[in-house]
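Counting starts at 1 for both ligands and their atoms, in listed order. We count residues from 1, following the sequence as given.
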Amino acid sequence: MGRITFVEHDGTEHLVELEEGKSIMQTAIDNMVPGIDADCGGACACGTCHVIVAENWISKTGTASEDENQMLDMNPEKADTSRLSCQVQASSDMDGMVLHLPEFQM
Ligand code: FES
């Protein structure tokens, strides 16, 4: 299906396989990528699965819901291309996508 790269705050990269039907959060958890806490298990209720999508890839992640935007607005590390990774479903057109992890999840 393709592969995506998570980049930790210190620059460490993790190249992982996308899987049909999984969220980007679940993909990170299943591949033991550090820096994604996902305290609510994907219910869009904790904000601890925050990722910052590389600018040229943001259009591939779809549109954030109002609930997701409200959660992101509470995060001081929010960037223009921030998403909650539990709300982004893997798709084959994400092959090559780069996601940056914030220094802290909050
Ligand atoms: Fe809680 Fe994404 S896992 S908001």
- Taking 4.0 angstrom as the limit, do K78 and D73 come out as a salt bridge? yes

- Distance below 2.8 Å from atom 2 (Fe) of ligand 1: how many protein N/O/S atoms qualify? 2

- Message: For V33, is there any backbone N or O sitting under 3.5 Å from a side-chain donor or acceptor partner on N31?
- Response: no

- Task: State whether a side-chain donor-acceptor pair under 3.5 Å links E8 with H14.
- Result: yes

- Measure from the side-chain N and O atoms of S85 to the backbone N and O of C49, and report whether any donor-acceptor pair falls under 3.5 Å. yes

- Task: Using a cut-off of 6.0 Å, state whether more than 12 heavy atoms not belonging to D10 lie near its atom CG.
- Result: yes

- What pairs with K22 under salt bridge (charged side-chain N to carboxylate O under 4.0 Å, His left out), at least two apart in sequence or on another chain? E19, D30

